[in-house]
Amino acid sequence: MFGIIFRRELHRGLTTFAFPSILVALTALIPPSAYIQARSYQQALSDYALRQAAHQGETRSGLLIITRPVPPLLPLSNGLFGRLPDEVLLLRESASWTPTSEDLRPLDWLFPKVDLSVIVGVLMTLMALLMTYNTVTGEREQGTLKQLLSYSLPRHTILGGKLAASVLLLTLSLFYAVFLYTTLIVAFSHGMFRLSRIEVAEVLAIAVIGMLTVSVFALLGLAISTLVRTSAAALALSLTIWASTVLLWPSCVGYLAASLWPVEPRQLARRELLAQEARLIRNELADYRKRAAELKVQAASVTQAWEQHLEIKRRWNERKREEIRRVMAERERQIHRQQTRGIGLVLLSPYGAFRMASDTICQTGVQAYDLFLEEVARYEREEFTPKSFQALAHQQPGDGREKPAPSVSFRPFSLSPPSLRTRLTTVAAPVSVLILEMASLWLISLFRFHRYDVR
Amino acid sequence: MSQESETFPFSCRFDIIGHADEGRHGSRITAKVRQLLATVTQERLTGFRSFPPFLYVVGVIARQEIIANFRNLKIPAAGVVLSSLFVASAHLLGGDYRERLANWTTNQTAQRDPIVGGVVRYELPDGSFFDSVGTGHDPPLLLPPKPLSVLVKGMDGDFHRPIALGQQIQFGPRQDDKTVPLLFEVPDFSFVVKLIVSLLALFFTADSLTREKESGTLRMLSANPLRRRELLLGKSLGASVSLFLSIGAAYAGVMIYLFSFYGIPGSPDESVRSLLIFSLSLLYGVVFLHLGVFISSLTNRTKTATAVALLLWAGLVLIAPNIAVLVAEILSPAATYNQLRARLDEAWRRSVQAELRSNPGAQTIFESPNIKEAILRRLESDRQLTDHYLQRRWSQIDLAYRLASLTPTGAFVCSVSDLAGTGRNAYRDFLEFLQSGRNLMADALRRRWDLPPEQGASLLRETESLLRSRKHPPESLRQSVNSALPALASLVLWMSVLGLAAYWRFERYDLR
């Protein structure tokens, strides 16, 4: 019996205008979006290569610029990539390392780029709602619901058959979208975007999570159609919920989190930090001067003096780092708290959950950026600072004009991405939110439909 | 309770004789309209015209529509929804504005902070050496945040970064620690209008004809000596006034909120700008009202009308402007900042290599006899490369604005951002401000070569302090309006074309 309902719904779905219009909309939107994404991916890769080449030319031992590698699945879900500074300047003498530069991206503020995650999250969820908002109300209005119920089928079979047919159609169009999108990206990027086995698995994971998201909205439509009496009311209610969960809520929560758990503005914090650093530097200078006077009295040699100078420098550097980092860590903790709670709020919206999951899988999300900064911090601690002090020790003290640049080769910075399994465990939270929403919506629909007044 | 009255307030239940509201207060409206229609009929029949009957009838229909919209709670509900969204967005963006303002003022004070550091000199029997330590503040933030960015943030966030002006322009990172908002669109006033007002307006009218047809009142109307254009114009006028009332109330609320908590608008100029932003929002709403009427005149059933309206809405609001911008990016590609930096480095490297090749005796460029020429050449090539980069950026923005203005939503976003001083014009002004600062600095660097070292250093110091004290003149209202005009024209065009199309279709509409 389930099969009959399923076939009937499938036939209806294929013949009404909702499904063809989904396919038309996807086919029209995906090519330009894929083209521009493929191009910006190529640009990001060539930028990265350019920056690497430029930094290799810089042989100074006291300074190193680290660039964030381009995540391989960037075109599918842009996330934060390119919206935050991708370069970090490490300075031997400075305790506070900061991101250095960022491109001008004025248009992204007005018209954010469309990628696969937006197409699935915004358009396909709307389509899902359109397909299911009048499953029950529509039949009631046409009078076919009475007939359907007269077959003495269990009500959950009817509802299940209807849902399965819509979900199947949506899944088909979703896989069509993902397939078309990735194929076009591969075609447009001239071989720069390659799909190895892992990447195919990642794309599939995104498609599956997308399917869950779309199903949440299909179930939402179903639940709404059992909650109200007329199709018009169902449409209005579905649209209101869709607009608030997909469009309004995710946009607002970041700012909401910022207003609920505020962090001191960056320039204010920076000024305080610099004041503290200035105090330390004054003490450091006093230390040097004292030692210089002592050495002069002792009539020490230049080599001895240089060694002692370096010793003081190293000690002060450690101290500065410790004190400054403590202040910085406090602020970072605040930012982190704001961010985690913001993400928690975003997850309440199925669209937000999907974006978070797809960004995590594509390594373009918030966690990936934090990982990059953590890796930079570790690189600085383990590689940059020790080596750059070693280089300084080999350096001959000059009179300041033309210090010979000691050749120092730093191990190249590498960012090993977390394994797919780790990332999949990270997306467990958004996915479980989605599944929970699906389950509760299904229960609501069942509960309501069992009590539905068919007249 | 009747079946109809259970519907959601925004699902349209318009009808000029209040047929759907028959049960509650419809009878009163009906009586009144009947009376008015009777007057009109009599006037027409007797040929007596105390008032131009066209306007009179339109006025009557519009007034009845407005009253009906009040009674079926459409206007109050839209007003409440919009007010709460506007105030919420103003509150969130206001916090963001305050943070940027705090950043800017602190940065301005920090520019006057002394640079801490010093040199230590070791004088020893077998020689001497020195070393230096020091730290300094960030480069200046140059531009304060625009007050109206609370309403339309536009590109204002992109200015909010320290920028060092030397022989090159060095763009620092944006001074914003909020990461989650970067994943989604900025929820400012223009965002709410762009999405929600268009949706509300569309559903105000998308079923205006179909529902009357379904309830049979359209046939009743056709029995009266009413012209179809009067009916259509009356409906459109009534819907526009209803929209005006609900947006107006919400906008008044948000302006009161902003004025009492943030002192915005703080000048007559800003007040005029915010009024213009309001009128543009209204115009944008009217475009979608007309679209709704047009869709209604195309279809015969409310269900089809709403589904078509929704698809068209998604296409026009969510997709079309983004496609326009994508096309602009394809047609007018611009280099990235990193490519510019690589080009600058490459140019300098080449010039150094050429110099060293022609002077085999020199170890570094600084030992070359032609160092002055080499440096001056570098200043010139840096200027050209940077200007080219900025020019490409700007023309991409310009083209994106032009193309996006072809769609109603794009036109709205472009024009309000121009009016708020956070759009294309402001961006060009900002880039020109940077270029002129860089030119001043490059000029000082050039002149330094002809001066003794002390005078050269003091010249550089003077230029730096000049750059610090330089104020960016705010864009004049006339300029903003001029740059918003094409988008405004596009909105007006959309409105009239859709209105005419609705009229054309309705003249042929099957009333049965």
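Numbered from 1 within each chain, the chains take letters A, B, ... in sequence-line order.
- Contact of A:Pro85 with chain B is made through the side chain alone, with heavy-atom distances under 4.5 Å.
- If you tally non-hydrogen atom pairs under 4.5 Å between each of A:Pro265, A:Pro106, A:Ala278 and chain B, the highest count goes to A:Pro106.
- Within the 4.5 angstrom heavy-atom criterion, only side-chain atoms of A:Leu126, from C-beta onward, approach chain B.
- For the set B:Gly134, B:Ala102, B:Gly154, the entry with the most heavy-atom pairs within less than 4.5 Å of chain A is B:Gly154.
- A pairwise comparison of heavy atoms in A:Phe111 and B:Ala404 identifies CZ-CB, 3.9 Å as the closest pair.
- The pair B:Asp131-A:Lys313 meets the salt-bridge criterion, with a side-chain N (NZ, NE, NH1 or NH2) lying under 4.0 Å from an Asp/Glu carboxylate O.
- Contacts between A:Arg355 and chain B at a heavy-atom distance below 4.5 Å involve the side chain alone, from C-beta outward.
- Only the side chain of A:Leu123 comes within less than 4.5 Å of a heavy atom of chain B; its backbone N, CA, C and O stay farther away.
- Atoms OH and CZ, from A:Tyr288 and B:Phe130 in turn, are 14.0 Å apart once rounded to the nearest 0.5 Å.
- Residue contact with chain B, scored on non-hydrogen atoms closer than 4.5 Å, involves the backbone and the side chain of A:Leu80 alike.
- By the 4.5 Å heavy-atom criterion applied to side chains, B:Glu329 and A:Leu107 are counted as neighbours.
- Two residues are said to be in side-chain contact when any heavy atoms from C-beta on lie closer than 4.5 Å; A:Leu248 and B:Phe184 fail this criterion.
- Contact annotation: the side chain of A:Gln43 never approaches that of B:Pro333 to less than 4.5 Å [non-hydrogen atoms, C-beta and beyond].
- In terms of non-hydrogen atom pairs under 4.5 Å with chain A, the most contact-rich of B:Leu93, B:Asp176, B:Asp156 is B:Asp176.
- Between B:Val186 and A:Tyr255, the closest side-chain pair of non-hydrogen atoms falls below 4.5 Å.
- A distance of 11.0 Å separates SG in A:Cys252 from NE2 in B:His91, rounded to the nearest 0.5 Å.
- There is no contact between A:Thr67 and chain B, counting heavy-atom distances below 4.5 Å.
- Across every non-hydrogen atom of A:Leu285 and B:Gly118, the tightest pair is CD1-N, 3.4 Å.
- Here the straight-line distance linking atom CH2 of A:Trp306 with atom OH of B:Tyr122 works out to 9.0 Å at 0.5 Å rounding.
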Open item on the list: Assess the residue pair A:Arg331 and B:Asp177 against the criterion (salt bridge (charged side-chain N to carboxylate O under 4.0 Å, His left out)); give the C-alpha distance rounded to whole Å, side-chain angles, the decisive distance to 0.1 Å, and a yes or no.
Closed with: CA-CA 10 Å; A:Arg331 187 159 183 277; B:Asp177 293 301; 2.5 Å; yes
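- Here the closest non-hydrogen pair linking B:Gly136 and A:Leu274 is O-CD1, 3.5 Å.
- Side chains of B:Thr336 and A:Asp47: a donor on one and an acceptor on the other come within 3.5 Å.
- Proximity to chain B (any heavy atom under 4.5 Å) is restricted, for A:Asn134, to the side chain, taken from C-beta onward.
- A distance of 7.0 Å separates OG1 in B:Thr105 from CG in A:Leu268, rounded to the nearest 0.5 Å.
- Annotation: maximal heavy-atom pairing with chain B below 4.5 Å, among A:Ser231, A:Gly79, A:Ala258, A:Ala300, occurs at A:Ala300.
- Annotation: side chain of B:Asn338 is not in contact with side chain of A:Tyr48 (no heavy-atom distance under 4.5 Å).
- Counted within 6.0 Å of NZ on B:Lys178, heavy atoms from surrounding residues, nucleotides or ligands total more than 12; the atom is thus considered enclosed.
- At a 4.5 Å heavy-atom cutoff, the contact between A:Ser21 and chain B is made by side-chain atoms alone.
- The most heavy-atom pairs under 4.5 Å with chain B, out of A:Pro112, A:Pro32, A:Ser40, come from A:Pro112.
- Among the candidates A:Ser259, A:Ala28, A:Pro250, the residue making the largest number of heavy-atom pairs closer than 4.5 Å to chain B is A:Pro250.
- Here A:Asp108 pairs with nothing under the side chain to side chain donor-acceptor pair (under 3.5 Å) rule; sequence neighbours left out.
- Checked by atom type and distance alone, the side chain of A:Ser251 pairs as donor or acceptor with a backbone atom of B:Glu185 at under 3.5 Å.
- B:Asp126 places a side-chain N or O within donor-acceptor distance of the main-chain N or O of A:Val302, the cut-off being under 3.5 Å.
- Contact check for A:Leu130 versus B:Leu311: side-chain heavy atoms found under the 4.5 Å cut-off.
- Comparing B:Gly95, B:Ala342, B:Pro125 by how many heavy-atom pairs each has under 4.5 Å with chain A, the most go to B:Pro125.
- Residues B:Leu183 and A:Met356 have side chains in contact (heavy-atom distance under 4.5 Å, counting atoms from C-beta outward).
- Within the 4.5 angstrom heavy-atom criterion, only side-chain atoms of A:Glu87, from C-beta onward, approach chain B.
- A donor-acceptor pair under 3.5 Å is absent between the side-chain atoms of B:Arg121 and the main chain of A:Ala292, judged by distance alone.
- Of the two parts of B:Trp394, neither the backbone nor the side chain holds a non-hydrogen atom closer than 4.5 Å to a non-hydrogen atom of chain A.
- Under 4.0 Å is where a charged nitrogen must lie from a carboxylate oxygen, and between A:Arg105 and B:Asp158 no such pair does.
- Of the N and O atoms on the side chains of A:Gln339 and B:Thr179, at least one donor lies less than 3.5 Å from an acceptor on the other residue.
- Contacts with chain B were tallied for A:Leu50, A:Asp103, A:Asn78, A:Val263; A:Asp103 has the most, counting heavy-atom pairs under 4.5 Å.
- Top candidate by heavy-atom pairs under 4.5 Å with chain B, chosen from A:Leu239, A:Thr364, A:Thr303, A:Leu256, is A:Leu239.
- With a 4.5 angstrom heavy-atom cutoff, A:Leu235 touches chain B only via side-chain atoms.
- If you measure heavy-atom distances from A:Gln298 to chain B, you find no contacts under 4.5 Å at all.
- Contact annotation for A:Leu104: both backbone and side-chain heavy atoms come within less than 4.5 Å of a heavy atom of chain B.
- Once rounded to the nearest 0.5 Å, the distance linking OG of A:Ser244 with CG of B:Leu85 reads 9.0 Å.
- With A:Arg271 contributing its side chain and B:Asp113 its backbone, the two residues share no donor-acceptor pair below 3.5 Å.
- Here the shortest heavy-atom pairing between A:Trp109 and B:Lys153 reads CZ3-NZ, 4.0 Å.
- The shortest heavy-atom contact between A:Ala305 and B:Leu124 is CB-CD1, 3.3 Å.
- Paired with A:Gln267 under the rule side-chain hydrogen bond (donor to acceptor under 3.5 Å, both in side chains), one option of B:Asn107, B:Asn103, B:Thr109 passes, and it is B:Asn107.
- Nearest heavy atom pair, residue A:Lys296 against residue B:Glu123, reads CG-O, 3.3 Å.
- The parts of A:Leu295 that come within reach of chain B are both its backbone and its side chain, each placing non-hydrogen atoms under 4.5 angstrom from that chain.
- Heavy atoms closer than 4.5 Å to chain B are found nowhere in A:Tyr369, neither backbone nor side chain.
- Contact check for A:Ile281 versus B:Thr135: side-chain heavy atoms found under the 4.5 Å cut-off.
- In this structure, CG on A:Leu29 lies 5.0 Å from CD1 on B:Ile323, to the nearest 0.5 angstrom.
- Applying side-chain contact (heavy atoms from CB on, under 4.5 Å) to A:Ile36 and the options B:Val325, B:Val327, B:Leu326 leaves one that passes, B:Leu326.
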